[in-house]
Amino acid sequence: MKPGNEIASKDVLAEAEELARLTEILPNGVNELAKRIQKAKDEKRPLRVKLGIDPTSADLHLGHAVVFRKLKRFQEFGHQVVLIIGGFTAQIGDPSGRNSTRPPLTAQQVNEYAETYLNQMGVILDLDKTEVVNNFDWLSKMTFNEVLKLAGLVTVSQLLAKEAFGDRLEKQSPVGLHELFYPILQGYDSVAIKCDIELGGTDQRFNILQGRELQPHFGQTPQIAMFLPLLEGTDGVKKMSKTYDNYIGLKETPDDMFGKCMRIPDNLIIKFFELTTILSGSDIDNLASQLKSGANPKDLKEKLAHQIVFQYHGKEAAEKALAYWQKVHSQRQLPDEMPIYEIPRLTESLSLAKLLSHSNLSLAASGSEAKRLIQEGAVRVDGKQETNPNMDIMLTSTSEFVVQVGKRKFLKVKKT
C-alpha cells in the first residue's frame with residue numbers, strides 16, 4: 001500500500017478474504033490483514049507468518065491440523081511461514097487450559113516429539129519453503145539481566161488476567177512462578193523472528209496478544225493475531241482430543257479415517273470442509289449451498305471423508321476407502337479382505353467375549369469391554385446380532401464364520 005492510500009487492490013482484498021475465512025483477526029479484521037498484505041507487496045517482501053508449537057505428544061489429529069491448513073494457504077499465496085519449535089518453552093509447559101501445573105518436558109522429549117510433528121506436518125506444509133527454528137536458540141542464551149528487563153515490560157496484573165491463572169487462583173490451586181514467564185517468552189518469540197502475523201487456536205489468545213504487547217518495545221510493528229476455532233470431535237460436542245476418544249488421527253489407516261469422518265454430526269459437515277480440507281472457499285460455499293438446498297448429508301460426508309483420506313494417504317487409498325465404505329455400510333456386504341483368526345481343529349466351542357478381547361485381534365481392549373460391546377448390540381456373528389456376553393460359539397469340524405464389531409471391524413474365524 002502506498003503512503004496515504006488506505007485501500008488495498010482488489011487482488012489483495014480477495015487474498016485477504018480467502019485467508020480470513022473462519023478466523024478472528026485482531027485488530028480490525030480482514031481490512032487490517034489486507035493492509036498488511038498490500039504493504040508487504042509494496043515493500044516486495046513476503047509476510048512472516050508465525051506458528052509456535054510445543055511438541056507434547058507423538059501423534060497429531062485433524063484438530064491439530066487446522067492451523068497447519070491455514071499456514072498452507074499463506075504458503076500458496078507466497079508468504080513465509082515460520083515454524084517455531086518450543087525447545088525452551090516446552091520445558092516450562094503452556095498453562096493455557098490447565099487446572100494444574102503442566103509437567104515440564106526434557107530436551108530429549110521435545111526433540112523426539114518435534115521430529116514426529118514435522119514428519120506429519122510435512123504432509124500438509126511444504127517444509128522446503130518453511131523456516132523452522134527452535135526458541136531454545138535464543139531464549140537459552142538470555143542473561144538473567146535480560147530476562148528481568150523483559151519481565152519489566154509486563155505487569156503482574158496483566159499476567160493474572162490470563163484465564164488459566166485467574167481460575168486456578170480463585171480455586172486456590174497453585175500457580176508456579178515459572179508459569180508466569182510462559183506467555184512472556186512466547187511473546188518474545190515474535191520479536192526474535194520479526195513476526196508480521198501469528199496464528200493459533202482461540203485458546204492461545206492471551207499468549208499471541210502478548211507478542212503484540214512486546215514488539216513495540218523493540219521497535220517493531222505489532223503483529224496481527226489470527227485465531228482459528230477449535231475443531232469439535234466426532235461426537236460433535238467436545239473439542240477433538242485423544243482424551244475424549246473423539247479424534248481422527250493423521251496416522252490412522254485410510255479405512256479408519258474414512259469411517260470416523262462418516263460419524264461426524266451433519267451440522268459440522270461444512271465446518272470440517274472449512275477447517276480440515278484444502279478445498280477453496282468457493283468450492284466450500286458451493287457445497288454449503290447444496291446442503292442448504294436439500295442434498296443428502298451422507299453424500300457430502302462421503303465427499304469430505306474421501307477428501308481427507310486423499311490429503312493424507314493419496315488418491316488410490318481414498319478411492320479404496322470409499323469403495324470399502326459403500327460396500328460394507330451402504331450395500332451391507334462383507335469386505336473383500338479382512339483378518340483371519342485360525343483355531344485348532346479339535347476345539348469344540350469358543351467364548352465370544354474371549355475372542356473379542358484376544359490381544360492380537362484389536363476387537364476389544366479387554367474382557368469387560370468385550371462384554372459391554374456384546375450387551376450393547378455392537379457384535380454380530382455371521383450377520384446375527386448377539387447380546388449374550390456369556391455366549392459360547394459351538395464349532396464343527398468345518399466351522400467358518402465372520403464376527404463384526406461395530407461398523408468397521410471384521411474378523412473371519414475358521415478351523416485349521
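Both backbone and side-chain heavy atoms feed into the values below; hydrogens, waters and symmetry mates do not.
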Validation row: Ile197, Met226 side chains within 4.5 angstrom (heavy atoms): yes
Leu33 to Ile224 - nearest heavy-atom pair and separation: CA-CD1, 3.8 Å
Main-chain N/O of Ala40 paired with Gln38 side-chain donor or acceptor, under 3.5 Å: no
Please table the atom pairs, donor to acceptor, closer than 3.5 Å between any side-chain atom in residues 309-316 and protein atoms at least two apart or in another chain.
unit_1, atom_1, unit_2, atom_2, d
Gln311, OE1, Ile278, N, 2.8
Gln311, OE1, Gln307, NE2, 3.1
Gln311, NE2, Thr276, O, 2.9
Tyr312, OH, Arg69, NH2, 3.2
His313, NE2, Glu252, O, 2.8
Glu316, OE2, Lys320, NZ, 3.4

Which atom of Asn134 lies closest to which atom of Phe88, heavy atoms considered: OD1-N, 4.2 Å
Derivation and outcome, side-chain contact (heavy atoms from CB on, under 4.5 Å), residues Ile264 and Leu304: CA-CA 10 Å; Ile264 69 170; Leu304 172 67; 3.5 Å; yes
Flag side-chain contact, heavy atom, 4.5 Å: Leu231 against Phe272: yes
Pairwise distance CG(Leu60) to CD1(Ile53) - rounded to 0.5 angstrom: 7.5 Å
Any Met142 side-chain heavy atom under 4.5 Å of Leu139 side chain: yes
Check: Pro27 and Arg212 side chains under 4.5 Å, non-hydrogen atoms: yes
Pairs flagged by side chain to side chain donor-acceptor pair (under 3.5 Å) wherever residues 73-85 is involved - sequence neighbours left out: Glu15-His79, Glu18-Arg73, Arg73-Glu76, Gln75-Thr130
Closest non-hydrogen atom pair, Pro46 against Gly78: CB-O, 3.4 Å
Evaluation steps, side-chain contact (heavy atoms from CB on, under 4.5 Å), between Tyr113 and Asp54: CA-CA 9 Å; Tyr113 289 154; Asp54 288 342; over 6 Å; no
Pairwise distance CG(Leu373) to OG1(Thr387) - rounded to 0.5 angstrom: 13.0 Å
Sidechain-backbone polar pair: Asn246 side chain, Ser241 backbone, donor-acceptor under 3.5 Å: yes
For Asp266, all residues meeting salt bridge (Lys or Arg N to Asp or Glu O under 4.0 Å), sequence neighbours excluded: Lys301
Non-neighbouring partners of Lys271 that pass salt bridge (Lys or Arg N to Asp or Glu O under 4.0 Å), sequence neighbours left out: Glu232
Separation between CG of Leu275 and CG of Leu230, rounded to the nearest 0.5 Å: 10.0 Å
Glu43: salt bridge (Lys or Arg N to Asp or Glu O under 4.0 Å) partners, not counting sequence neighbours: Lys39, Arg45
Validation row: Leu159, Pro183 side chains within 4.5 angstrom (heavy atoms): yes
All salt bridge (Lys or Arg N to Asp or Glu O under 4.0 Å) counterparts of Asp235, not counting sequence neighbours: none
Taking every non-hydrogen atom, the tightest pair across Pro265 and Gly236: CG-CA, 3.6 Å
Sequence-distant partners of Thr202, side chain to side chain donor-acceptor pair (under 3.5 Å), two or more places apart: none
Flag side-chain contact, heavy atom, 4.5 Å: Ile248 against His61: no
Over 12 non-hydrogen atoms of neighbours within 6.0 angstrom of CZ in Phe136: no
Those residues that, when tested against Ala114, pass side-chain contact (heavy atoms from CB on, under 4.5 Å) (two or more places apart): Pro55, Ile85
Sequence neighbours excluded - ring pair (Phe, Tyr, Trp, His ring centres under 6.0 Å) pairs with any residue from residues 210-242: Tyr188-Phe218
Donor-acceptor pair, side chain of Glu198 and main chain of Gly52, under 3.5 angstrom: no
Atom pair CD1 (Ile308) and NZ (Lys303), whose distance is rounded to the nearest 0.5 Å: 14.5 Å
Heavy-atom donor-acceptor pair, Gln375 side chain to Pro389 backbone, under 3.5 Å: no
Residue pairs involving residues 272-292 (criterion salt bridge (Lys or Arg N to Asp or Glu O under 4.0 Å); sequence neighbours excluded): Arg21-Glu274, Arg21-Asp285
side-chain contact (heavy atoms from CB on, under 4.5 Å) assessment of Leu150 paired with Leu185: CA-CA 9 Å; Leu150 182 63; Leu185 297 178; 4.3 Å; yes
From CG (Asp299) to CG (Leu287), nearest 0.5 Å: 11.5 Å
Side chain to side chain, Glu386 and Ile393, heavy atoms closer than 4.5 Å: no
Non-hydrogen atoms of Pro216 and Pro222 that approach each other most closely: CG-CG, 3.6 Å
Atom pair CD (Gln120) and CG (Leu250), whose distance is rounded to the nearest 0.5 Å: 5.5 Å
side-chain contact (heavy atoms from CB on, under 4.5 Å) between Leu19 and Ile37, intermediate numbers included: CA-CA 11 Å; Leu19 291 170; Ile37 295 172; 4.1 Å; yes
Between Gln158 and Gln210, a side-chain donor and acceptor under 3.5 Å: no
With Glu319 via side chain to side chain donor-acceptor pair (under 3.5 Å) - residues at least two apart: His306
Whether Asp196 side chain and Gln223 backbone form a donor-acceptor pair below 3.5 Å: no
Residue pairs involving residues 106-132 (criterion salt bridge (Lys or Arg N to Asp or Glu O under 4.0 Å); sequence neighbours excluded): Arg48-Glu131
Val12 to Ala34 - nearest heavy-atom pair and separation: CG1-O, 3.3 Å
Beyond-backbone contact of Leu355 with Leu411, side-chain heavy atoms, under 4.5 angstrom: yes
